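Inspection log for the structure reproduced underneath, given as structure tokens.
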Amino acid sequence: MKRYFIHTFGCQMNVNDSLRMSEALSKMSYVPTPEPENADLIILNTCSIREKAEDKMLSALGRYRAVKASRGAILGVGGCVAQQEKDKLLKKVPYLDFVFGPDNIAKLPEVITRVQEARERVVETAFVDSEEYVFPRADAETSRGKVTEFVTVMKGCDNVCSFCVVPHTRGREVSRAFPEVLVEVADLARVGLREVTLIGQNVNSYLGGISFAQLLLRTAEVPGIERVRFTTSHPHDLSDELIEAFRIQPKIAPHFHLPVQCGSDRILKMMRRDYTVEQYLVQLAKLRAARPGIAVTTDIIVGFPGETEEEFEMTMKLTELVKYENQFSFVYSPRPKTGAALREKDWGLIPHEVKVARLERLQKLQRRISGEYTQSQVGLDVEVMVEGRSRYDATKRFGRTPENRTVNFEGDAPAGSFVTVHIERATPNQLQGRQVAVLKEPTVAPLPVELPVPLHVPAEA
Ligand code: 5AD
Ligand code: SF4
């Protein structure tokens, strides 16, 4: 048996793609190892959303070079950097054996065979468009023992946000037919999953035979599924029908990630985001009326070319006004071939120190607001879906509230249970407490050993 190790960077699409890679490898009699030093095959599933993400993957690649030297491991790069760089990556990294894009995961066994048998260096980065695209189907058995899973509903992105590399790395939008999505959800529910997150670069523009709102409602009706989440959304596609779904279906979890990017209409226009701050706020007000208490999170870019101090202050004000539960904020990073990177000199480059100072101020503000939310939970009893052992303390359990707040607690309920936890303490990013009641038992017997967590570096980092 040969061993493989996958190092995943980036977003939930990549996490999901890594799972599909694992499935393909298990059919070739490869088994996973948690230690790259013992692997015969190492794959980096990469992200190119910001320059920093690319740097991280290059330094990881350097570390794995030693494994290749010591035991002849095969080394491959997949994901968004692979798609962006294609054969250039083989030239840049002479010890790399293969490069494959997100649309070529199904070809992985063939690629590896070519590397092993013909000692070829292989590049597979063709996009597969609309009609021909076949979504890799998840094997539900590989999710047994888990509680929550991603289900892909679409791939690619047809938006033209001027800062974003994704249309170049993930291609055009293709939606997955809704019956296929529902079958996958039902299969996952049968092996004990209680929650699914429907994922895509822009799920609101889903076109798989029914509207995205209908897809959420149908998913929520799958027996065994208690919570339905989704990510990620573009504000300009947020429909009234979707807001209505939040009103009528409590299983749609009360959390909405709605990236605003910034608080200035002028910058939003340069970003080609297609909405104004006011339009965004109106949609948000409707959403909060439909589901009082819904947690709203966002993404923000600071230091976009030309952003003045006043415009940055607008982002601060918006953060304060919306009172986001949390936000992922980043300094602007120019990406190859994007509209903003081509025009940034005309619009005005923001010095790195200024960008970083703005980011620090914004993050400090958000930490305060997040802390107010978590602090408001102390003394309350909250519903938690148990996911397993706590990462910080092996004697504790870990789970999430419907709003997606992280909870570490004293208790004994197995993964897949729903419990009431009395919250005793809070930090800005987690709640702590003790289990006081079991609300629902798992639907299938838990595994004797809980599953290890794979290596993942989130895009947020
Ligand atoms: N620079 C900085 N942040 C970016 N994002 C996307 N592209 C860039 C970029 N070039 C951020 C956006 C997006 C999140 C996933 O990453 O905020 O919503
Ligand atoms: Fe995900 Fe975008 Fe990073 Fe690709 S570039 S892994 S789509 S966040």
Side-chain angles (χ1 to χ4, degrees), residues 11 49 157-164 166-167 173 200-206 211-213 216 229-247 252-332 339-340 358-359 361-363 365-366 369-370 372-373 403-404 460:
C11 66
I49 196 88
C157 183
D158 286 352
N159 289 317
V160 284
C161 306
S162 64
F163 51 79
C164 191
V166 171
E173 283 176 9
Q201 292 300 345
N202 186 18
V203 290
N204 295 158
S205 60
Y206 176 75
S211 66
F212 184 64
L216 278 179
R229 303 186 184 278
F230 59 94
T231 197
T232 185
S233 308
H234 191 302
H236 83 88
D237 293 320
L238 171 54
S239 68
D240 289 344
E241 193 196 6
L242 182 58
I243 293 174
E244 186 57 21
F246 273 92
R247 192 194 310 277
I252 301 177
H255 170 215
F256 208 119
H257 183 66
L258 197 57
V260 68
Q261 309 300 357
C262 79
S264 141
D265 286 343
R266 188 184 79 97
I267 300 285
L268 281 174
K269 212 165 180 178
M270 286 150 76
M271 288 178 165
R272 299 194 64 182
R273 289 290 286 178
D274 237 14
Y275 53 84
T276 61
V277 173
E278 184 173 347
Q279 284 164 344
Y280 178 90
L281 290 174
V282 167
Q283 289 305 87
L284 213 53
K286 284 195 219 162
L287 188 64
R288 283 176 158 165
R291 183 68 76 81
I294 189 166
V296 180
T297 56
T298 200
D299 292 342
I300 285 179
I301 297 177
V302 303
F304 186 80
E307 183 188 66
T308 64
E309 205 56 42
E310 292 70 39
E311 284 163 337
F312 168 67
E313 288 300 334
M314 292 177 185
T315 301
M316 292 286 281
K317 281 217 187 72
L318 182 68
T319 297
E320 199 86 76
L321 183 69
V322 174
K323 271 185 121 256
Y324 289 108
E325 175 89 22
N326 214 335
Q327 63 175 239
F328 302 108
S329 41
F330 316 97
V331 296
Y332 168 75
R358 287 180 187 170
L359 186 69
R361 278 187 60 204
L362 182 64
Q363 291 187 337
L365 172 63
Q366 183 58 54
I369 298 170
S370 298
E372 285 167 14
Y373 276 110
E403 297 81 9
N404 213 29
E460 291 80 60

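The residues of the chain are indexed from 1 along the displayed sequence. Small disclaimer: the values here were computed from a predicted structure and weren't measured.
- Closest approach of C164 and I49 over heavy atoms only: SG-CD1, 4.3 Å.
- A salt bridge does not link E403 with R291: none of the charged nitrogens is closer than 4.0 Å to a carboxylate oxygen.
- The two residues A245 and I252 make their nearest non-hydrogen contact at O-CD1, 3.6 Å.
- By the 4.5 Å heavy-atom criterion applied to side chains, N326 and Y373 are not counted as neighbours.
- Put simply, CG on N202 and CZ on F212 are 10.0 Å apart, with the number rounded to the nearest 0.5 Å.
- Closest of all the heavy-atom pairs between G263 and M314 is O-CB, 3.3 Å.
- Residues satisfying the side-chain hydrogen bond (donor to acceptor under 3.5 Å, both in side chains) criterion with N159, sequence neighbours excluded, are H236.
- Legend: residues meeting salt bridge (Lys or Arg N to Asp or Glu O under 4.0 Å) with K269, ordered by chain and number and at least two apart, are absent.
- Shown here are the salt bridge (Lys or Arg N to Asp or Glu O under 4.0 Å) partners of D274, two or more places apart in sequence or in another chain: there are none.
- Residues meeting the side-chain contact (heavy atoms from CB on, under 4.5 Å) test with L281, sequence neighbours left out: V277, L318, L321, V322.
- At a threshold of 4.5 Å between non-hydrogen side-chain atoms, the residues M271 and I301 count as touching.
- Applying the salt bridge (Lys or Arg N to Asp or Glu O under 4.0 Å) rule to R288 yields no partners; only residues at least two apart in sequence or on another chain are considered.
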Please determine whether side-chain contact (heavy atoms from CB on, under 4.5 Å) holds for the pair I300 and V260, giving the CA-CA distance in whole Å, both sets of side-chain angles, and the decisive distance to 0.1 Å.
CA-CA 6 Å; I300 285 179; V260 68; 4.0 Å; yes

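- Residues satisfying the side-chain hydrogen bond (donor to acceptor under 3.5 Å, both in side chains) criterion with T232, sequence neighbours excluded, are absent altogether.
- Residues passing the ring pair (Phe, Tyr, Trp, His ring centres under 6.0 Å) test with H257, sequence neighbours excluded: F328.
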Would you please test L362 and Q327 for side-chain contact (heavy atoms from CB on, under 4.5 Å) and show each step?
CA-CA 10 Å; L362 182 64; Q327 63 175 239; 3.2 Å; yes

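- E173 pairs by the salt bridge (Lys or Arg N to Asp or Glu O under 4.0 Å) definition with nothing, not counting sequence neighbours.
- Considering only residues two or more places apart in sequence or on other chains, F304 meets the ring pair (Phe, Tyr, Trp, His ring centres under 6.0 Å) condition with Y332, W347.
- Scanning for side-chain contact (heavy atoms from CB on, under 4.5 Å) contacts around E244 gives R247, I248, with sequence neighbours left out.
- When all heavy atoms are compared, the tightest approach of T298 to L258 is OG1-O, 2.7 Å.
- The structure places CD1 of I243 at 4.5 Å from CG of L238, a figure rounded to the nearest 0.5 Å.
- Remark: R266 pairs with E311 by the side-chain hydrogen bond (donor to acceptor under 3.5 Å, both in side chains) rule, at least two apart or across chains.
- For the pair Q283 (side chain) and P235 (backbone), a donor-acceptor distance under 3.5 Å is absent.
- Counting heavy atoms from C-beta on, the side chains of S264 and E310 never come closer than 4.5 Å.
- In this structure the side chain of C161 never reaches within 4.5 angstrom of the side chain of Q261, judged on heavy atoms.
- Taking the side chain as every heavy atom from C-beta outward, I369 and Y324 never approach each other to under 4.5 Å.
- For the pair L359 and F330, the tightest heavy-atom approach, listed with the atom from each and the gap, is CD1-N, 3.7 Å.
- The closest side-chain heavy-atom distance from L242 to F256 is below 4.5 Å.
- Rounded to the nearest 0.5 angstrom, L216 CG and Y206 OH are separated by 10.5 Å.
- You'll find the side chain of M270 stays beyond 4.5 Å of the side chain of P305, heavy atoms only.
- Atom CD of E278 has 12 or fewer heavy atoms from other residues, nucleotides or ligands within 6.0 Å.
- When each of E325, Q366, H255 is paired with T297, the side chain to side chain donor-acceptor pair (under 3.5 Å) condition holds for H255 and for no other.
- Within the structure, the salt bridge (charged side-chain N to carboxylate O under 4.0 Å, His left out) test picks out the following pairs touching residues 232-243 (sequence neighbours left out): D240-K286.
- Residues L287 and I294 approach most closely at CG-CD1, 4.0 Å, considering heavy atoms.
- Counting only heavy atoms from C-beta outward, the side chains of H234 and Q201 never approach each other to under 4.5 Å.
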